[in-house]
Amino acid sequence: MTDLTTLLEVGGPIAALGGGAAYTRAKHPGIYWSAVGLPMSTARLLSSYGSVMEACGLTVTPSRLRVLAVKATTRGEIRPVPPRRGIIRPTTTGLRLRLRLAPGQEPADVAASAERLRHAWGVHAVYVTTVKPGVVDLRLVGYDVLREVRMPRKAVGGSLQVPVALREDATPFVRDYRVVPHGLSLGATLSGKSMYLRHLVAGLAPQPVALVGIDCKRGVELAPFAPRLSALATDPEQAADLLPVLIEEMEDRYDLIKARQRIAPGTPNEEITSDIWGLPEQERPVPVVLFVDEVAELFLVATKKEEERRDEMVTQLIRLAQLGRAAGIYLEVCGQRFGAELGKGATMLRAQLTGRVCHRVNDEASAKMALGDIAPEAVSAACAIPAERPGLAVAGDTSGGWSRIRTPYLSLSDAAETCRASAHMVPDLPALKPFRPSVPVQPVESPAAPVVHPRPITG
């Protein structure tokens, strides 16, 4: 009886400790990683580094000089040489270490063994990045960082840069318009596409940039950001009037570049390789970012007259995508589907949109529209996005690289408040003033009138 009582007294705290660890791992993986996962994975890595590298085929035969040195000093067993390991650097989401590859190895050899390294060291994923010839960086992620997105504290964007999501390797996904001027974001209903757009607008609002919107859903997506928008079109008719103004603004900026750099006035715009960033700061026009939500609404027509208007708008969008970058005009196009079935010019416009972000889609054909022409192997990853993870997407570019990302939650009221607080940043562009959305005046609550009680009648 005494032994049973002692066993219960000892087993109770152990069971409670195990249950607490399991709960923390499920509900607070970051805390569990820092307290338990980090020391355990570090111990596994240090104790098994050589044997794991050898099992993964990442070792080479030692040089003759090394063989002679071992025989002359220790006379021990001569083992294959693994890549030289650098200092292990712990992070809030995993581990980082740098490897100097042995002669005859290449980064692809390490990348091919990433899954084996993940299981050997007990981490969620392993990612390999080339630092310079012969040196790679291993990023070990301890848990699924996309389950509950927390952006890194150092994810601060610069000019025309917005840290809009988190990659699966725990690094921020930054939408940089200077590097990738035009982008396409596809996604089905409730896939997180609107959240992605919301982050872009809120991230650009405090920056010196003109924000222009085309939202053919009567403005339900972009109207809450009206205080910060320089122009807003809420139907195809208004969009047909707005796009020629942007084309004229682009041509005026080309004339400014020609005048400043003394280029002949008759030189075609296509032959000008400079851009507004080469102008002095005091003469440089403000950049313009055009958001097009539900781009398919611009392509849908019912009459012959609407078809002519559609062709004009598509031509103008293609011109902005081809020539707008040098003039500081950038496009962010969003929709549920975007392909040749929309009509003439759709494929040509899509080819100009370098950055691609594909959220959950309803069919494989939609994923191929977004990623099939730049990263075919990413199509299957986009089709595997579950419905219970809104905001999860696959991002790719024309370099062929791609990665999974997820946008953190941002409420519409917080994004709208950011735009209201940045309303003073709206630049002065006379050509866009007729399209400036009207901002309703917020009612000011007057202080309640004091209640005056009648004085009692005395005497």
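- If you take CH2 on Trp121 and CG on Leu95, they are separated by 9.5 Å, rounding to the nearest 0.5 Å.
- Evaluation of the side-chain hydrogen bond (donor to acceptor under 3.5 Å, both in side chains) rule for Glu115 yields Arg118, His119 as partners, not counting sequence neighbours.
- Residues Trp33 and Pro39 approach most closely at O-CD, 4.3 Å, considering heavy atoms.
- What you find for Ala326 and Tyr254 is that their closest heavy atoms are CB-OH, 3.6 Å.
- No more than 12 heavy-atom neighbours from other residues, nucleotides or ligands sit within 6.0 angstrom of NZ on Lys344.
- Judged by distance alone, with hydrogens and angles left aside, the side-chain atoms of Thr91 form a donor-acceptor pair with the main-chain N or O of Gly94 at under 3.5 Å.
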Show the numbers, then the answer: is there a side-chain contact (heavy atoms from CB on, under 4.5 Å) between Val162 and Val174? CA-CA 5 Å; Val162 181; Val174 180; 5.9 Å; no
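- Counting only residues at least two apart or on different chains, the side chain to side chain donor-acceptor pair (under 3.5 Å) pairs with a member in residues 188-211 are Ser194-Glu221.
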Test side-chain contact (heavy atoms from CB on, under 4.5 Å) applied to Glu294 and Cys334, step by step: CA-CA 6 Å; Glu294 293 299 344; Cys334 304; over 6 Å; no
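- In this structure, Arg436 places its CZ atom where more than 12 heavy-atom neighbours from other residues, nucleotides or ligands lie under 6.0 Å away.
- If you run side-chain contact (heavy atoms from CB on, under 4.5 Å) between Ile214 and each of Val295, Leu298, Val333, Thr234, only Leu298 comes through.
- Nearest heavy atom pair, residue Gly396 against residue Leu371, reads N-CD2, 4.4 Å.
- At most 12 non-hydrogen atoms from other residues, nucleotides or ligands lie less than 6.0 angstrom from CD of Glu281.
- Remark: Arg84 CZ is loosely packed, at most 12 non-hydrogen atoms of other residues, nucleotides or ligands lying under 6.0 Å away.
- Residues Val126 and Arg139 form no side-chain contact, since every pair of their non-hydrogen atoms from C-beta on lies 4.5 Å or further apart.
- For the pairing with Asp275, the side-chain hydrogen bond (donor to acceptor under 3.5 Å, both in side chains) check across Arg325, Arg284, Arg178 returns one residue only, Arg325.
- Distance CG/Leu222 to CG/Leu211: 10.0 Å, rounded to 0.5 Å.
- In this structure, the side chains of Leu138 and Leu99 come closer than 4.5 Å at one or more pairs of heavy atoms.
- Residues Ala381 and Arg404 approach most closely at CB-NH2, 3.7 Å, considering heavy atoms.
- The side-chain hydrogen bond (donor to acceptor under 3.5 Å, both in side chains) check on Arg309 picks up Glu237, with sequence neighbours excluded.
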Might you work through the side-chain contact (heavy atoms from CB on, under 4.5 Å) test for Val357 and Leu184, ending with a clear yes or no? CA-CA 6 Å; Val357 175; Leu184 172 64; over 6 Å; no
Leu97/Arg85 under side-chain contact (heavy atoms from CB on, under 4.5 Å): CA gap, chis, key distance, verdict: CA-CA 7 Å; Leu97 68 152; Arg85 175 178 55 82; 3.6 Å; yes
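- A donor-acceptor pair is defined here as one N or O able to donate and one able to accept, closer than 3.5 Å; no such pair exists between the side chain of Ser366 and the backbone of Asn362.
- Under a 3.5 Å cut-off, the side chain of Asp109 and the backbone N or O of Glu106 do form a donor-acceptor pair.
- Within the model, atoms CG of Leu317 and NE2 of His182 stand 10.5 Å from one another, a figure rounded to the nearest 0.5 Å.
- Screening Ile405, Leu392, Leu146 against Glu168 for a side-chain contact (heavy atoms from CB on, under 4.5 Å) leaves a single residue, Leu146.
- Within the 4.5 Å cutoff, no side-chain heavy atoms of Asp252 are placed close to those of Leu256.
- The backbone N or O of Arg319 lies less than 3.5 Å from no partner atom in the side chain of Gln322, so there is not a single donor-acceptor pair.
- The residues Lys368 and Asp373 are annotated as not salt-bridged, no charged nitrogen and carboxylate oxygen being separated by less than 4.0 angstrom.
- One N or O on the side chain of Asp215 and one on the backbone of Val220 form a donor-acceptor pair closer than 3.5 Å.
- Side-chain contact check for Leu166 versus Pro152: some heavy-atom pair is nearer than 4.5 Å.
- For Arg389, the side-chain hydrogen bond (donor to acceptor under 3.5 Å, both in side chains) test picks out Asp144, with sequence neighbours left out.
- For Leu190, the CG atom counts as loosely surrounded, since its 6.0 Å shell holds 12 or fewer non-hydrogen atoms of other residues, nucleotides or ligands.
- For the pair Val212 and Leu242, the minimum side-chain heavy-atom distance is below 4.5 Å.
- Between the side chains of Ser413 and Glu417, no donor N or O sits under 3.5 Å from an acceptor N or O.
- Annotation: side chain of Pro83 is not in contact with side chain of Arg100 (no heavy-atom distance under 4.5 Å).
- To the nearest 0.5 Å, the span separating CG on Asp311 from CD on Gln316 amounts to 11.0 Å.
- The CE atom of Met348 lies 9.0 Å from the OG1 atom of Thr315; values are rounded to the nearest 0.5 Å.
- Within the 3.5 Å criterion, the main-chain N or O of Gly37 finds a donor-acceptor partner in the side chain of Ser41.
- Of the residues listed (His424, Met425, Arg420), the one engaging Arg228 in a side-chain contact (heavy atoms from CB on, under 4.5 Å) is Met425, and it is the only one.
- Partners of Arg350 under the side-chain hydrogen bond (donor to acceptor under 3.5 Å, both in side chains) rule, at least two apart in sequence or in another chain, do not exist in this structure.
- Residues satisfying the salt bridge (charged side-chain N to carboxylate O under 4.0 Å, His left out) test with Asp235, not counting sequence neighbours, are Arg218.
- Closest approach of Ala239 to Pro244, counting heavy atoms only: O-CD, 4.5 Å.
- Relative to the six-membered ring of Tyr177, Arg175 meets both conditions, a distance below 6.0 Å and an angle of at most 45° to the axis.
- Under the 4.5 Å side-chain criterion, counting only non-hydrogen atoms from C-beta, Thr92 is not in contact with Ser34.
- Residues Leu232 and Ala223 come closest through the heavy atom pair CD2-CA, 4.1 Å.
- Side-chain contact between Leu320 and Leu243 is present, with heavy atoms from C-beta onward closer than 4.5 Å.
- Separation of atoms NZ (Lys258) and CZ (Arg253) is listed at 15.5 Å; rounding is to 0.5 Å.
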